[in-house]
Structure formats: structure tokens, C-alpha cells
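Note that this is a predicted model, so its numbers are computed, not measured. Chain letters run A, B, ... following the sequence lines, proteins first and then strands; every chain starts at 1. Atom set for the values below is all heavy atoms of this structure, side chains included, hydrogens, waters and symmetry mates excluded.
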Amino acid sequence: MDERPELVRLSQGRGAGARLLGVAAASLIGTAIVAAGAFGGSDRDEPRPRPAATVQVSAARDTTHAPAATRHATVTLPHQGYAVTYDGTPMLYDDDALAIYQLGDAVVSVAVGTPANGASLLGQGITARINGRTLDQLTDAYLAAIGTGAESSAAIAVDGEPGLMLRLTPGTGPGYGPGSAAALFLVDRRAFVFWSHLETALRAFLGGLTFGPGLFVSRDLGFQVPLLVDEPPFGATVSNGEGSTSGLWVFPTVID
Amino acid sequence: MGLSDGDRLTGGEYSHVIGVSVGTEAQPAFFRNVPSALPHPSQRRVWAPTLGELVRAYRRLVDPGEGLVAPTILGGEPATLLIRADGVAATVLAVRDGRNYIIATTGAAAVERAPDFERFLATFAFLE
């Protein structure tokens, strides 16, 4: 093995664009959701909900040439691997892996799962966590967890990523009336579960969504970490063939 | 496997980096996994069975810098933060399941942490 692990020769950084660390309370949304029973049933394994504190609210990524009328606020959660057009501040739970957005009278929940932690369905009032290595596995896990089935399913694409839109069978819970829907995606080792009691709201929400940066996962080295930029890390994992593995990975980042 | 010294990442130049090195007793972890202006240490790998022993072994092998050491958390596990050891801005050491983790960060223009280093540590998770 070449023992020269100093991997990266750096040069001057480049700007990453303006970012604002937006800190705002959205307790009214959370209060309304809780009052409506969407978070019915506590689970000791679920982290306590907290108001949004770290969400980055910024101008849309590329508005240089956009007319003012089309400029939108964007919620960016890079460590959860997505950004979405949203003029407000979501309620964040589960270390930001569960977010609740309010679009008019509709609520959209976004649950992000990783190999370390499955996607929490608490936004739908279900305490299960789900994951899957394939979209089919994720779909099976989701339908098993919600227990209501789907009236129909259709392939969809968001930001170029294939997914599945499920029109859910009306059930007994408050979120499973006619029109409720879920969209499932597997992107860069993350499982995304989008849900709303109104399919039209869900589709509108997904229209402003982009994925990334990705998630680095190494089961051989026993860790995962969100990527800081879209550029993949550089390095290697080496096994000695006798069950011992070492590795060295370098993650680039940029000046804000 | 060869890791050439000074390879440039595809698609851009970067102001800061964070290096993650993982090793076992059979294959000890590399350190000095990000650039440093100091001469290379005579020994480039380290392993220890416990966090305390890893910190002591690491500090024996490298320039201690400002000598500042503080407890921290990595992936929910106890870890140790070292400031400016080995000529890099910050290094975090952790031990889990027989593996040693060495996470270091520095910048191109100055010995300073990557701006997202704390978030990187906060979102780092161990896998079963």
C-alpha cells in the first residue's frame, strides 16, 4: 500500500453564494398539526419535536435571470439531501429528518431515511420507521406500515429522480381521507417519504423540489455522513481479506 | 492500492477539506489525512483499543500544536477534539467496535476548520 495519504492539494476557495441562517418560529403549524391528531401516539424512540432552528432559508438557487415575479424562497436542508421552494419555515423534528410544511390548508410531511435511521412516519401519526434498498422494498415497507394500502400507483420523476406516487386508500385516520397521497423516492442512499392528505398539494410541493447533496455510506468502515457539496469524496476503502477493513476518505467543502 | 499525494478532485477546487480515516488493529488508521505544513511524522498509522489510549498514542506521534484537547461527541459516542495538532486545524478521534476514527479538517489558505465541520460532525452516524 502506498502510504501517502495526504490526498488533496487545495487552492483558494470559491464562493458558494449567499446563505442566510434563517431562524424562525413555526410553532403555530406544529400546534395545529398536533391538535389535529397527526402526531397522535407518542413513541419513546422518537426524538422530541422542536421548532425549526437550523433550516437555511435562502433565495432560489439561480434567480440571476429570473423575473422578480418568479423569485421564490427556498428551504434548503443539505444534510437531509433536498431543497424545496417554500415561502415559510417548516417544523423540523428528528434531527431535521422529518419536516412538516403547510401549503394553504394542506400539510405536507417529508421524512428522510438513511441506513442509520429509517424514515419516520410520525408526520402521518405512525411511529414506524421504514427504509429499503430498492424502491420496491421501500414501497412494501411503507404500505405495511400505514396499513391502508393504495388505490393506485404511478411512476413519477422529480429533479430527474424516479419515484412512485401512491394514491392512498381512505382509512380511519384523519390523514387518510379521500385524496391523500404519498410519494416515495430512493436517492443517493436516502429514502424519501413525502405525504399529504391532499394529492394536489403534494404534487405542487414536489414541483419545487430538488435533491442533493448526497449521502456517503460505508458499511465496511461503519459510518455514514452527508456530503457537504455535490462533488463526491475522494479516497478508498481497503480490506485485507480477513475481515479487517481500513479506509481514508476526503470530503471537500467550500467557503460560505 | 495507491493514493497519490496531491490529487486534485474532479470538477473544482476547494477551500477546505475534511478527511475521515478508519483503521483497525490489523490495519491501523492513517493520520495526516489532510494537508499540513509540518514535516511528515515518522509513523503514519495509529491504532489503540480505547479512546484514551488512542488520544495518547496520537499525541505522541504528532506535533501537539496548541495542546488543546476537549471531549466531544461523534455519532452519539464519546470522542476527543484536538486543536491544531499535527499542523491541521482540528482533529477528532473516536473508537467504536474495534475501529479507530480520525477526522481532521483544515483549509487551503489558512489553518482553519472547514466551515461545515461542526455540521459534518453532528450529522456523522455510525452504522451497525
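- Contact record, Asn33(B) with Val250(A): O-CG2, 3.7 Å, taken as the closest heavy-atom pair.
- Heavy-atom distances place the backbone of Ser218(A), and not its side chain, under 4.5 Å from chain B.
- Within the 4.5 Å cutoff, side-chain heavy atoms of Leu127(B) are placed close to those of Pro115(A).
- Heavy-atom minimum distance, Arg219(A) versus Arg99(B): O-NH2, 3.9 Å.
- Once rounded to the nearest 0.5 Å, the distance linking CG of Leu248(A) with CZ of Phe31(B) reads 12.5 Å.
- Tyr101(B) touches chain A through its side chain: at least one heavy atom from C-beta onward sits under 4.5 Å away, while N, CA, C and O do not.
- Note: Phe223(A) and Phe124(B) have parallel aromatic rings, judged against thresholds of 30 and 60 degrees for the angle between ring planes.
- Taking non-hydrogen atoms and a 4.5 Å limit, the residue list of residues 68-80 of chain B in contact with chain A is empty.
- Crowding of Glu25(B) atom CD: a count of heavy atoms from other residues, nucleotides or ligands under 6.0 Å not exceeding 12.
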Could you walk me through whether Ser244(A) and Thr24(B) pass side chain to side chain contact (heavy atoms under 4.5 Å, CB included), step by step? CA-CA 7 Å; Ser244(A) 182; Thr24(B) 63; 2.4 Å; yes

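- Residue contact with chain A, scored on non-hydrogen atoms closer than 4.5 Å, involves the backbone and the side chain of Ala26(B) alike.
- Atom CG of Leu227(A) sits about 8.5 Å away from atom CZ of Phe120(B), to the nearest 0.5 Å.
- In this structure, chain B has no heavy atom under 4.5 Å from any part of Asn117(A).
- The shortest non-hydrogen separation linking Pro226(A) to Thr123(B) is CD-OG1, 3.2 Å.
- Note: Phe251(A) CZ to Ile103(B) CD1 = 8.5 Å, rounded to the nearest 0.5 Å.
- Not a single donor-acceptor pair under 3.5 Å links the side chain of Gln224(A) to the backbone N or O of Ala125(B).
- Contact check for Val20(B) versus Leu221(A): no side-chain heavy atoms found under the 4.5 Å cut-off.
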